[in-house]
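Below: the structure, in structure tokens.
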Amino acid sequence: MTPIITAFARSPDRGRGLARDMRVRWALEEVGQPYEVRLLSFSEMKEPAHRMLNPFGQIPTYEEGELALFESGAIVLHIAERHPGLLPGDANARARAITWMFAALTTVEPPIFDRSLATILERDKTWYAERLPVLEDRVHVRLGELSSRLGDADWLDDRFSAGDLLMVTALRRLSGSGILEKYPNLIAYVARGEARPAFRRAFDDQLAIFNATPPAG
Ligand code: GTB
């Protein structure tokens, strides 16, 4: 059964692959699972039909027969559990890879997301100039820690896993900020992820959608 995912009809990132459908696409490409995409406008995301799939009215979602999932991390875990390629077979190595998935989603991504949101939504506030360095310091704390742990390894725990996939997508949200450039091993880590053929296919597919969709209005 071909899974169906949802994505922005016209992504606000202009096809840079920063929205969270990118990680689901990448996971599906890594395991060689074909999929279909249902594109949604912002208003369609808030309609009851979509809220049946995601109560928060967001993308991505994942439908496979009678199964409907939301939360990109849960979707990637589902894909990784159902197909070989994203989680190691050894039980302890698998548990460590899942730990990195949670670390990406709950320890590293939140400060990156908070900073990014502030740069988009709070730029005109009187307190923005004071708040931004505070948010950036929090990002630097996590990046410094992550950089120390990664060292000169290619991946977080021996072989590429769903943990790396989620971590790379979280770090990509910093692209263009200049922040990642202070951590050469993290720059190289993200570049390694982006060089994977499965990443390229996922990236090109979402970019093609952006390029094919005219601006609304
Ligand atoms: N925790 C959920 C998950 O991981 O699936 C969060 C899902 C989420 O944030 N979805 C966003 C969404 O649907 C898109 S990815 N937003 C519409 C809404 O809430 O109405 C977040 C995102 C949006 C835009 C950019 N960008 O422009 O760079 C990057 C990431």
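In this chain, residues are counted from 1 in sequence order. Treat the numbers as computed from the prediction; the structure is a model and nothing was measured.
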Open item on the list: When you compare the side chain of Leu28 with that of His83, does any pair of heavy atoms fall below 4.5 Å?
Closed with: no
TODO: Supply the atom-to-atom distance Leu171 CG to Glu109 CD, rounded to the nearest 0.5 angstrom.
DONE: 9.5 Å
Task: Shortest non-hydrogen contact between Val108 and Pro111, atoms and distance - done: O-CD, 3.3 Å
- [ ] Using distance alone, with no hydrogens and no angle criterion, decide if Ser147 and Asn185 have a side-chain donor and acceptor under 3.5 Å apart.
- [x] yes
Open item on the list: Using side-chain heavy atoms (C-beta onward) and a distance below 4.5 Å, is Asn54 in contact with Ile59?
Closed with: no
Open item on the list: Are Leu53 and Ile5 linked, directly or through intermediate hydrophobic residues, by side-chain heavy-atom contacts shorter than 4.5 Å (ILVMFWY only)?
Closed with: no
Task: Contact summary for Leu207 and Gly15, nearest pair of heavy atoms - done: CD1-O, 3.5 Å
- [ ] Indicate if Val31 and Met22 have the same hydrophobic cluster label, given that clusters are the connected sets of ILVMFWY residues with side-chain heavy-atom separations under 4.5 angstrom.
- [x] yes
Open item on the list: Measuring only between side-chain heavy atoms, which start at C-beta, is Arg149 closer than 4.5 Å to Trp100?
Closed with: yes
TODO: Please say whether the positively charged group of Arg38, taken as NZ for Lys or CZ for Arg, lies over the ring of Phe8, i.e. under 6.0 angstrom from the six-membered ring centre and within 45 degrees of the axis.
DONE: no
Output side-chain donor-acceptor pairs under 3.5 Å for residues 131-142, partner residues at least two apart or in another chain, one line each.
{"from": "Arg131", "atom 1": "NE", "to": "Glu122", "atom 2": "OE1", "distance (Å)": "3.2"}
{"from": "Glu136", "atom 1": "OE2", "to": "Arg115", "atom 2": "NE", "distance (Å)": "2.8"}
{"from": "Glu136", "atom 1": "OE2", "to": "Arg115", "atom 2": "NH2", "distance (Å)": "3.4"}
{"from": "His140", "atom 1": "ND1", "to": "Tyr183", "atom 2": "OH", "distance (Å)": "2.6"}
{"from": "Arg142", "atom 1": "NH1", "to": "Glu145", "atom 2": "OE1", "distance (Å)": "2.7"}

Open item on the list: Would Arg14 and Phe210 count as a cation-pi pair here, with the cationic atom under 6.0 angstrom from the ring centre and within 45° of the axis?
Closed with: no
Open item on the list: Using 0.5 Å steps for rounding, measure from the CG atom of Leu86 to the CG atom of Leu166.
Closed with: 9.0 Å
Open item on the list: Other residues, nucleotides and ligands only: do more than 12 of their heavy atoms fall within 6.0 Å of NZ on Lys46?
Closed with: yes
- [ ] Just do the side chain to side chain donor-acceptor pair (under 3.5 Å) check on Thr169 and Arg23 with the steps written out, would you?
- [x] CA-CA 6 Å; Thr169 55; Arg23 51 185 56 162; 3.2 Å; yes
Task: Euclidean distance, Ile112 CD1 relative to Leu174 CG, rounded to 0.5 Å - done: 4.5 Å
- [ ] Would you kindly confirm whether Leu18 and Phe113 end up in one hydrophobic cluster when ILVMFWY residues are joined by side chain heavy atoms under 4.5 Å apart?
- [x] no
Task: Heavy-atom closest pair, residues Ala104 and Pro110 - done: O-CD, 4.4 Å
Task: Over all atoms of both residues, closest heavy-atom pair of Arg94 and Pro88 - done: NH1-O, 3.1 Å
Open item on the list: Heavy-atom count check: over 12 atoms from other residues, nucleotides or ligands less than 6.0 Å from Glu181 CD?
Closed with: yes
Task: Interatomic spacing from CD1 in Ile75 to CZ in Arg25 - rounded to 0.5 Å - done: 12.0 Å
TODO: Determine whether Ile79 and Leu67 fall in the same hydrophobic cluster, where Ile, Leu, Val, Met, Phe, Trp and Tyr are linked whenever their side-chain heavy atoms lie under 4.5 Å apart.
DONE: yes
- [ ] Let me see the working for Lys182 and Leu143 under side chain to side chain contact (heavy atoms under 4.5 Å, CB included), right down to the final yes or no.
- [x] CA-CA 9 Å; Lys182 296 196 172 72; Leu143 295 187; over 6 Å; no
Open item on the list: Within the 4.5 Å heavy-atom criterion, are Leu186 and Val190 side-chain neighbours or not?
Closed with: no
- [ ] Mind checking the CD-CG spacing from Gln206 to Leu39? Nearest 0.5 Å is all I need.
- [x] 11.0 Å
Open item on the list: What verdict does the salt bridge (charged side-chain N to carboxylate O under 4.0 Å, His left out) test give for Arg192 and Asp154, after you've listed the backbone C-alpha separation in whole Å, the side-chain angles of each residue and the deciding distance to 0.1 Å?
Closed with: CA-CA 8 Å; Arg192 258 191 304 281; Asp154 279 355; 3.7 Å; yes
Open item on the list: Checking side-chain polar atoms at under 3.5 Å, does Glu64 have a donor or acceptor matched by the opposite partner on His78?
Closed with: yes
Open item on the list: When you compare the side chain of Asp21 with that of Thr6, does any pair of heavy atoms fall below 4.5 Å?
Closed with: no
- [ ] Go through the side-chain N and O atoms of Tyr189 and Asp164 and say whether any donor and acceptor fall under 3.5 Å apart.
- [x] yes
Task: For the student: nearest non-hydrogen atoms of Leu105 and Gly73, plus distance - done: CD1-CA, 3.6 Å
Task: Plane angle bin for Trp26 and Phe160 - parallel if under 30°, tilted between 30 and 60°, otherwise perpendicular - done: tilted
- [ ] Would you mind listing the cluster partners of Ile4? Hydrophobic ones only (ILVMFWY), side-chain contacts under 4.5 Å, chaining allowed.
- [x] none
TODO: Can you see which heavy atom on Gln33 is nearest to which on Pro3, and at what distance?
DONE: NE2-CD, 3.2 Å
Open item on the list: To the closest 0.5 Å, what do you measure between CG (Leu180) and CD1 (Ile187)?
Closed with: 4.0 Å
Open item on the list: Suppose we call two aromatic rings close when their centres sit under 6.0 Å apart. Are Tyr62 and Phe70 close by that rule?
Closed with: no
Task: Charged tip of Arg200 within 45° of Phe203 ring normal and under 6.0 Å - done: yes
- [ ] Scan side-chain atoms only and decide if Ser116 and Arg173 contain a donor-acceptor pair under the 3.5 Å cut-off.
- [x] yes
- [ ] Report whether Tyr128 and Leu117 are members of the same hydrophobic cluster (ILVMFWY, side-chain heavy atoms less than 4.5 Å apart, transitive linking).
- [x] no
TODO: Please say whether more than 12 non-hydrogen atoms of neighbouring residues, nucleotides or ligands are located less than 6.0 Å from CG in Asp152.
DONE: no
Open item on the list: Please check if the number of heavy atoms outside Arg51 that lie under 6.0 Å from its CZ is greater than 12.
Closed with: yes
Open item on the list: Is it the case that the side chain of Arg20 and the backbone of Ser72 share a donor-acceptor pair, with hydrogens and angles ignored and the cut-off at 3.5 Å?
Closed with: no
- [ ] Carefully, step by step, assess Glu63 and Leu69 under the rule side chain to side chain contact (heavy atoms under 4.5 Å, CB included).
- [x] CA-CA 6 Å; Glu63 292 155 81; Leu69 300 174; over 6 Å; no
Open item on the list: If you define the side chain from C-beta out and look only at heavy atoms, does anything of Gln58 sit under 4.5 Å from His50?
Closed with: no
